[in-house]
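Every heavy atom of this structure was used, including side-chain atoms; hydrogens, water molecules and symmetry mates were not. Just so it is clear, the structure is predicted and the values come from calculations on it, not from any experiment. We count ligands from 1, going down the list as the structure has it; atoms in each ligand are counted the same way.
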Amino acid sequence: MMQASGPSREPGRHGYFITLEGGEGGGKSTQARILSNRLAGLGYDTLLTREPGGSPGAERLRDVLLSGAVAPLGPAAEAIVFSAARIDHLDKTIRPALAQGAVVICDRFADSTRAYQGALGNLDPRLILTLEAVTVGPTRPDLTLVLDLPADEGLDRANRRRTDGPVDRFEAENLAFHQGLRQTFLDIAAAEPDRCMVIDARRSPEDVSEAIWAIVEPRLKSALQPARGLPSNVIPLASSRRTPEVS
Ligand code: T5A
């Protein structure tokens, strides 16, 4: 098990929490997988998960949310349902893994609620802050990777990947919505530069993953110390887990 160090750690958190954020088709899932595999190969205990979803209860809410069934109730209701899913995901999946010392890699998290429902839904920022306080509490990401590319390129990628089936609730929004999303994620990153790093996602998957690695590697090295009692040259047993839905 690895043990975390640092000035303001959540009590009981021994692992490291990384989230990937950005608009549609930016390559978050691709890069989350690459990073998880790379870390597992180096002996880190890793957990790859996603939102909405990542626990059985949250996955059921994912289906409801992405079907568009909640959309007619408005962005406040959607934000509340995304938050309900997040509570289950945090309680059942993320916090236990962090307590065990894992590196948790999560494909989307609370910044997506800030962007999609908060900024693009024109919600009062106080509602989003209150929801975050109730749902996320102290379990804030240590590092957020914002994959940035022009909205039309991201939508093109998402469309090319889809072989059949309808677009989901958010892919169906117009280009102006997606351009607004891109700017919102950039604004979030600018407001929290210690947590958020913006990555140019227009490059090849290999180049993007190297840019991510250059950010992640030094941070992990300084954040995770070998568990007390183990000599510093002992590498923990490699273990890579995924919530079933992202396997
Ligand atoms: N949402 C989510 C909210 O509204 N509020 C919230 O609080 C939360 C948590 C989730 C939806 O829910 C919304 C946001 C979303 O709309 P989802 O199906 O999980 O839905 O959708 P996304 O998270 O947007 O995932 P996507 O699959 O659309 O995009 P990714 O993960 O960014 O991209 P990825 O890796 O799947 O790649 C897409 C395609 O591009 C290719 C891939 O091979 C794939 O075909 N690709 C590249 N092509 C060229 N160059 C690269 N560098 C590439 N990287 C990947």
Atom CG in Leu143, atom CE in Met197: separation rounded to 0.5 Å? 7.5 Å
Among Glu24, Glu21, Lys28, the residue with a heavy atom nearest to atom 16 (O) of ligand 1 is Glu24
What is the nearest protein non-hydrogen atom to atom 20 (O) of ligand 1, stated with its residue, atom name and distance? Leu66 CD1, 3.7 Å
Can an N or O of Gly25 be found at a distance shorter than 3.5 Å from an N or O of ligand 1? yes
Please report whether ligand 1 has a polar contact with Gly27, defined as an N or O pair separated by less than 3.5 Å (distance criterion only). yes
Atom 2 (C) of ligand 1 has as its nearest protein heavy atom Phe82 CE2, 3.5 Å
Could you check if a side-chain atom of Phe82 sits within less than 4.5 angstrom of a side-chain atom of Ser112, using non-hydrogen atoms only? no
Salt bridge (charged side-chain N to carboxylate O under 4.0 Å, His left out) involving Asp107 - partner list, sequence neighbours excluded: none
For Ala76 and Leu123, which heavy atoms make the closest approach, and how far apart are they? N-CD2, 3.7 Å
Glu51 heavy atoms within 4.0 Å reach ligand 1 at atoms 9 (C)
For atom 31 (O) of ligand 1, the protein heavy atom that lies nearest, with its residue and separation: Ser29 OG, 2.6 Å
Ser29 side, atom OG; Arg108 side, atom CZ - distance, nearest 0.5 Å: 8.5 Å
Can you tell me if Arg241 and Thr46 form a side-chain donor-acceptor pair at under 3.5 Å? no
So, Arg169 versus Tyr116: side-chain donor-acceptor pair below 3.5 Å or not? no
Using distance alone, decide if ligand 1 has a nitrogen or oxygen within less than 3.5 Å of any nitrogen or oxygen in Gln117. yes
Numbering the atoms of ligand 1 from 1, which are under 4.0 Å from a heavy atom of Ser204? 52 (N)
Can you confirm, on distance only, whether ligand 1 has an N/O atom lying under 3.5 Å from any N/O atom belonging to Arg62? yes
Which atoms from ligand 1 have a heavy atom of Thr113 less than 4.0 Å away? 6 (C), 7 (O)
Which is it for Leu65 and ligand 1 at heavy atoms under 4.0 Å: side chain, backbone, both or neither? neither
List every atom of ligand 1 that sits less than 4.0 Å from any heavy atom of Arg157, numbering the atoms from 1 in the order shown and giving each element. 39 (C), 40 (O), 47 (C), 48 (N), 49 (C), 50 (N), 51 (C), 52 (N), 53 (C), 54 (N)
Could you check atom 23 (O) of ligand 1 against the protein and tell me its nearest heavy-atom contact, residue, atom and distance included? Arg108 NE, 2.6 Å
Residues at least two apart in sequence or cross-chain that pass ring-ring contact (aromatic ring centres under 6.0 Å, His included) with Phe109, listed by chain then number, are Phe17
Approximate separation, where rounding is to 0.5 Å, of His178 NE2 and Glu171 CD: 7.5 Å
Counting heavy atoms only, which of Arg161, Arg169, Arg203 comes nearest to atom 44 (C) of ligand 1? Arg161
Number the atoms of ligand 1 from 1 as they appear, then name those within less than 4.0 Å of a heavy atom of Arg86, with their elements. 7 (O), 9 (C)
Do Leu145 and Thr19 have side chains that approach each other closer than 4.5 Å (heavy atoms only, starting at C-beta)? no
side-chain contact (heavy atoms from CB on, under 4.5 Å) assessment of Leu47 paired with Arg242: CA-CA 5 Å; Leu47 175 76; Arg242 293 171 180 200; 5.8 Å; no
Suppose we measure from atom 42 (C) of ligand 1 to each protein heavy atom; which comes out shortest, and what is that distance? Thr30 OG1, 4.0 Å
Phe109 to ligand 1: N or O pair under 3.5 Å? no
